Amino acid sequence: MASEFSDAFLREAERHAAWGAVQLETLTEFLPDAPWTADLQACAYRQGGLELRVGVLGTYDTSERSWMWGWANPGLRGTEVAALAQTVGRYGQEHGIPELTAEMLDLSGFPDPGHAAETLAFTGMGVSGAPGYIGAPAGPATRVYFLPDDPQVPRAVLEPVTLPRVLLTGTQLIGHSAELVVGGCFDHYGVPHHRDGDRIVAELPGGARCTVTFDEAGRIAKVEGDIRP
């Protein structure tokens with residue numbers, strides 16, 4: 001059994017760490033604090049008075065400590081509600097990421113299997129470009145993960161004044177490659193950037209410039225530039 005993720009998976013996860021963390025905060029603030037129901041055939045998720053179109057990304061069995069992708073679920077395979085999960089599987093095939101192509105993943109060897117499941121959900125969100133993911137208990141030993149597929153969900157925007165915090169927070173989520181966190185964040189928001197020695201220099205909206213410098217260990221040493229609101 002595996003006890004850690006592959007390098008290919010971790011590199012992919014890092015690309016989404018910074019913007020994904022902010023987007024999850026945005027989604028959490030948007031969702032009402034209320035019980036939920038779902039109609040999988042209709043791709044509908046309801047929480048309080050809110051109804052969203054969703055797809056099923058995957059499920060986590062808390063007793064077996066195993067993950068199953070939505071596209072691999074026998075009851076969902078080939079259905080519309082598994083379409084977003086299928087895009088994750090195809091991406092995994094195209095980019096050689098084994099965790100995204102295996103129908104089931106045994107997470108029992110991980111130090112924290114539940115956290116490993118959340119990392120899979122987080123990365124699936126990033127690969128699909130979904131505005132977050134929703135994890136909810138679906139039985140005594142099952143947790144289901146939905147991907148919103150609805151324009152009602154607000155998309156987090158790049159805020160220059162909060163960018164240093166966003167980048168530093170992102171590097172703490174996976175802890176594999178700070179450079180991928182920074183580059184992935186700028187890629188997601190369509191911000192032009194380039195590598196200049198030990199720095200990444202980005203041209204922010206409005207003409208501002210941001211320079212992210214890395215130390216010898218590859219960690220963010222400083223974020224500086226004209227990042228005033």
Side-chain angles (χ1 to χ4, degrees), residues 5 7-31 52 54-55 57 84-92 94-97 99-100 118-135 145-196 199-214 218-220 223-227 229:
F5 290 121
D7 182 71
F9 176 83
L10 291 173
R11 289 178 63 85
E12 184 62 36
E14 286 283 42
R15 292 181 56 245
H16 310 290
W19 75 262
V22 176
Q23 184 58 48
L24 282 177
E25 292 177 1
T26 301
L27 175 62
T28 299
E29 293 173 359
F30 173 71
L31 292 173
L52 298 175
V54 298
L57 176 63
L84 275 177
Q86 288 176 336
T87 67
V88 176
R90 287 195 295 269
Y91 185 94
E94 294 167 359
H95 293 83
I97 305 174
E99 289 86 348
L100 304 185
E118 294 287 330
T119 304
L120 287 166
F122 183 88
T123 306
M125 170 200 80
V127 166
S128 67
Y133 70 84
I134 303 169
Y145 289 84
F146 297 101
L147 291 179
D149 185 21
D150 195 305
Q152 295 182 77
V153 180
R155 298 267 182 173
V157 298
L158 181 65
E159 299 285 356
V161 71
T162 62
L163 184 57
R165 177 185 65 83
V166 168
L167 294 178
L168 289 169
T169 299
T171 63
Q172 297 169 4
L173 290 182
I174 310 296
H176 190 64
S177 169
E179 182 179 347
L180 286 173
V181 172
V182 175
C185 183
F186 291 145
D187 285 340
H188 175 78
Y189 289 112
V191 173
H193 62 282
H194 65 275
R195 187 68 189 247
D196 180 13
R199 305 179 299 170
I200 289 180
V201 181
E203 302 296 333
L204 302 180
R209 173 173 289 193
C210 174
T211 300
V212 183
T213 304
F214 302 92
R219 300 167 299 196
I220 292 179
V223 182
E224 58 187 346
D226 181 12
I227 54 176

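Predicted model only: the values in this text are computed from it and were never measured. For the numbers below, each heavy atom of this structure counts, side chains included, while hydrogens, waters and symmetry mates do not.
A 4.5 Å side-chain heavy-atom check between I200 and F214 finds at least one atom pair inside the cut-off. The side-chain heavy atoms of F146 and Y133, taken from C-beta on, include no pair separated by under 4.5 Å. Inter-residue side-chain proximity for V191 and L204 is flagged as met; some heavy-atom pair is nearer than 4.5 Å.
Atom CD of E99 and atom CZ of F5 lie 6.5 Å apart (nearest 0.5 Å). Atom CG of residue L24 and atom NE2 of residue H16 lie 12.5 Å apart, to the nearest 0.5 angstrom. The distance from atom CZ of F30 to atom CG of L52, rounded to the nearest 0.5 Å, is 5.5 Å. Rounding to the nearest 0.5 angstrom, the gap separating the OG1 atom in T123 from the CZ atom in F9 is 3.5 Å. Note that CG of L57 and OG of S128 are 7.0 Å apart. Values are rounded to the nearest 0.5 Å. Interatomic distance, SG of C210 versus NE2 of H193, reported as 11.5 Å (0.5 Å rounding).
With sequence neighbours left out, the salt bridge (Lys or Arg N to Asp or Glu O under 4.0 Å) criterion links E12 to R15. Partners of D7 by side-chain contact (heavy atoms from CB on, under 4.5 Å), not counting sequence neighbours, listed by chain and number: R11, H176.
Contact record, V223 with P164: CG1-CG, 3.9 Å, taken as the closest heavy-atom pair. When all heavy atoms of L173 and A21 are compared, the closest pair comes out as CD1-CB, 3.8 Å. Heavy atoms only, all atoms of each residue included: G132 and P148 are closest at O-CD, 3.1 Å. Here the shortest heavy-atom pairing between V88 and V127 reads CA-CG1, 4.1 Å.
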Review point. Can you list the steps and then say if Y145 with I134 is a side-chain contact (heavy atoms from CB on, under 4.5 Å)?
Key: CA-CA 5 Å; Y145 289 84; I134 303 169; over 6 Å; no
**Study point:** Candidate pair L168 and I220, rule side-chain contact (heavy atoms from CB on, under 4.5 Å), full reasoning
**Key:** CA-CA 7 Å; L168 289 169; I220 292 179; 3.8 Å; yes
**Study point:** Audit row: V201, R209, side-chain contact (heavy atoms from CB on, under 4.5 Å) steps and yes/no
**Key:** CA-CA 7 Å; V201 181; R209 173 173 289 193; 3.7 Å; yes
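Applying the salt bridge (Lys or Arg N to Asp or Glu O under 4.0 Å) test to pairs two or more places apart or on separate chains, those with a residue in residues 118-131 are E118-R143. Counting only residues at least two apart or in different chains, salt bridge (Lys or Arg N to Asp or Glu O under 4.0 Å) contacts with residues 160-178 are absent.
Between the side chain of E224 and the backbone N or O of T211, no donor-acceptor pair lies under 3.5 Å.
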May I have the list of side-chain donor-acceptor pairs in residues 178-187 shorter than 3.5 Å, sequence neighbours left out?
residue	atom	partner	partner atom	Å
E179	OE1	R195	NH1	2.6
E179	OE2	R195	NH1	2.7

Quick one: side chains of residues 150-160, donor-acceptor pairs under 3.5 Å with protein atoms, not counting sequence neighbours, listed by atom name and distance.
residue	atom	partner	partner atom	Å
D150	OD1	Q152	N	2.9
D150	OD1	Q152	NE2	3.3
D150	OD2	R53	N	3.0
D150	OD2	Q152	NE2	3.3
Q152	NE2	E51	O	2.9
R155	NH1	G129	O	2.9
R155	NH2	G129	O	3.3

